[in-house]
Amino acid sequence: MSVRRAGQLEREDRVKEWALRLFIERGYAGTSVRDIAAAAEVSTGTVRNVGDKASLFLLVMEESATSYALDVWRAISSVPPTPERSLADEVWSYFSVTLDVADANRKLFRDYWAAYVARVDGRENEARMAGVIEAVAARWCAHAGREFPDEEATVAAYAMYSTYAVTMLAISTGLDPQQYRGYLRAVVEHQCALAIPR
C-alpha cells in the first residue's frame with residue numbers, strides 16, 4: 001500500500017471516529033461537517049470524501065453496531081455451549097445491552113431510523129447485518145449440535161434479529177419499552193427452544 005493511500009485511510013478512520021463521537025455527544029442535528037472536520041483535524045473536503053453528513057451518520061452508526069455485535073458473538077462463541085447458560089440467555093445478553101443503549105439515547109436512534117428510511121441503497125448495511133445473522137445462526141447450531149450452515153438456524157436468527165430491530169424502533173419512537181422487550185424475549189425463547197438437541 002502506498003504511503004499516500006495509507007495516509008488517506010488514516011484520515012478516513014479519524015473522520016469516522018470523530019463523527020461517531022460527535023453524533024453521540026451532540027446528536028445528528030447538533031453536529032455539522034465542519035465540526036467533524038475540526039475535531040478530526042482535516043478539511044471539510046476530506047470529510048465529504050468519506051460521505052455527506054447523512055451517509056456518514058449511517059455509516060458510523062452501522063459500523064459501530066456491527067463491530068460491537070460481532071465482538072460479542074466472538075466472545076460468546078469462544079466458549080462451548082453449556083447447560084448452565086442457554087442459547088436464549090446468550091442471545092438476550094446481547095440484545096438487552098443494546099436495547100438499554102437505545103432506551104437511553106432515543107433521539108439519536110430516532111435520527112438513525114429516519115436516516116435509514118431515507119437512504120436510497122442499503123446493500124452495505126445488509127451485508128454487515130448478514131454477518132451478525134450468520135454469527136447467531138452458527139451459535140444456534142453449536143447449541144443444537146448441528147453443522148453450520150443450517151436453514152432452520154438461519155431462519156431462527158433472522159426471526160430474532162428482525163424482532164430485535166422492530167423493538168429498537170419501538171423504543172426509539174417512545175413506545176412502551178417493557179412491552180416490546182417482552183415480545184422480543186418471547187420470540188428469543190421460542191426460536192432458541194428449537195435449537196435444543198433432539
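All heavy atoms count here, side chains included; hydrogens, waters and symmetry mates do not. Residue numbers run from 1 in the order of the sequence given.
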Step-by-step salt bridge (charged side-chain N to carboxylate O under 4.0 Å, His left out) determination, Arg185 to Asp89: CA-CA 10 Å; Arg185 184 67 195 219; Asp89 289 340; 3.3 Å; yes

Stepwise side-chain hydrogen bond (donor to acceptor under 3.5 Å, both in side chains) check, Glu90 with Tyr94: CA-CA 7 Å; Glu90 292 175 350; Tyr94 163 65; over 6 Å; no

In this structure, are over 12 heavy atoms from other groups packed under 6.0 Å from [X] atom [atom1]?
X      : atom1 : value
Glu25  : CD    : yes
Gln8   : CD    : yes
Arg74  : CZ    : yes
Glu151 : CD    : no

Can any side-chain N or O of [X] pair as donor or acceptor with the backbone N or O of [Y] at less than 3.5 Å?
X      : Y      : result
Thr66  : Glu63  : no
Trp18  : Glu41  : no
Asp150 : Ala153 : yes
Lys53  : Thr31  : yes
Arg146 : Cys141 : no

Going by atom types alone, do Ser64 and Ser67 pair a side-chain donor with an acceptor below 3.5 Å?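 Checked: Ser64/Ser67 side chains show no N/O donor-acceptor pair below 3.5 Å.
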
For the [atom1] atom of [X] and the [atom2] atom of [Y], what is their distance to the nearest 0.5 Å?
X      : Y      : atom1 : atom2 : result
Trp73  : Ser77  : CH2   : OG    : 7.0 Å
Arg181 : Thr167 : CZ    : OG1   : 9.0 Å
Ser96  : Asp103 : OG    : CG    : 12.0 Å
Arg4   : Leu9   : CZ    : CG    : 12.0 Å
Ile76  : Asp71  : CD1   : CG    : 11.0 Å
Glu126 : Arg123 : CD    : CZ    : 9.0 Å

Going only through I, L, V, M, F, W and Y residues with side-chain contacts under 4.5 Å, is there a path from [X] to [Y]?
X      : Y      : result
Tyr183 : Met168 : no
Met129 : Val188 : yes
Phe148 : Tyr161 : no
Leu108 : Leu59  : yes
Tyr180 : Trp113 : no

Identify the heavy atoms of [X] and [Y] that sit nearest to each other, and give their distance.
X      : Y      : result
Gly51  : Leu56  : O-CB, 4.2 Å
Val42  : Arg14  : CG1-NH2, 3.2 Å
Ala115 : Leu58  : O-CD1, 3.6 Å
Glu152 : Leu194 : OE2-CB, 3.9 Å

Could you give me the CA-CA distance, side-chain angles and deciding distance for Ser43 and Thr46, then say whether side-chain contact (heavy atoms from CB on, under 4.5 Å) is met? CA-CA 5 Å; Ser43 70; Thr46 299; 3.0 Å; yes

Check the pair Phe109 / Val101 against side-chain contact (heavy atoms from CB on, under 4.5 Å), numbers first and verdict last. CA-CA 9 Å; Phe109 280 82; Val101 172; 4.0 Å; yes

Quick one: do [X] and [Y] make a salt bridge, cutoff under 4.0 Å?
X      : Y      : answer
Lys16  : Glu12  : no
Arg106 : Asp100 : no
Glu62  : Arg119 : yes

Angle between ring planes, Tyr112 versus Tyr116, binned at 30° and 60°: parallel, tilted or perpendicular?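 The rings of Tyr112 and Tyr116 sit tilted, inter-plane angle from 30° to 60°.
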
Geometric class of the Phe57/Phe23 ring pair [parallel <30°, tilted 30-60°, perpendicular >60°]: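 Phe23 vs Phe57 ring planes: perpendicular.
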
With Val60, the side-chain contact (heavy atoms from CB on, under 4.5 Å) member among Val50, Val15, Leu20: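 The single option meeting the side-chain contact (heavy atoms from CB on, under 4.5 Å) with Val60 is Leu20.
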
Between Tyr164 and Leu99, does the side-chain contact (heavy atoms from CB on, under 4.5 Å) criterion hold? Intermediate values first, please. CA-CA 9 Å; Tyr164 161 71; Leu99 293 172; 4.2 Å; yes

Side-chain contact test, heavy atoms from C-beta onward, threshold under 4.5 Å: evaluate it for Met160 versus Cys192 and give yes or no.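 They are in side-chain contact.
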
Close side-chain approach of Arg110 to Tyr28, heavy-atom, < 4.5 Å: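 No; the side chains remain at least 4.5 Å from each other.
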
Please evaluate residues Ser32 and Asp35 with respect to the criterion side-chain hydrogen bond (donor to acceptor under 3.5 Å, both in side chains), reporting the C-alpha separation (whole Å), side-chain torsions for both, the decisive distance (0.1 Å), and the verdict. CA-CA 5 Å; Ser32 69; Asp35 296 334; 3.1 Å; yes

Under the side-chain hydrogen bond (donor to acceptor under 3.5 Å, both in side chains) rule, what do Ser93 and Arg85 come out as? Steps first, then yes or no, please. CA-CA 11 Å; Ser93 70; Arg85 183 162 171 148; 2.9 Å; yes

Begin from the C-alpha positions of His190 and Val187 and carry the test side-chain contact (heavy atoms from CB on, under 4.5 Å) through to its verdict. CA-CA 5 Å; His190 178 76; Val187 169; 5.8 Å; no

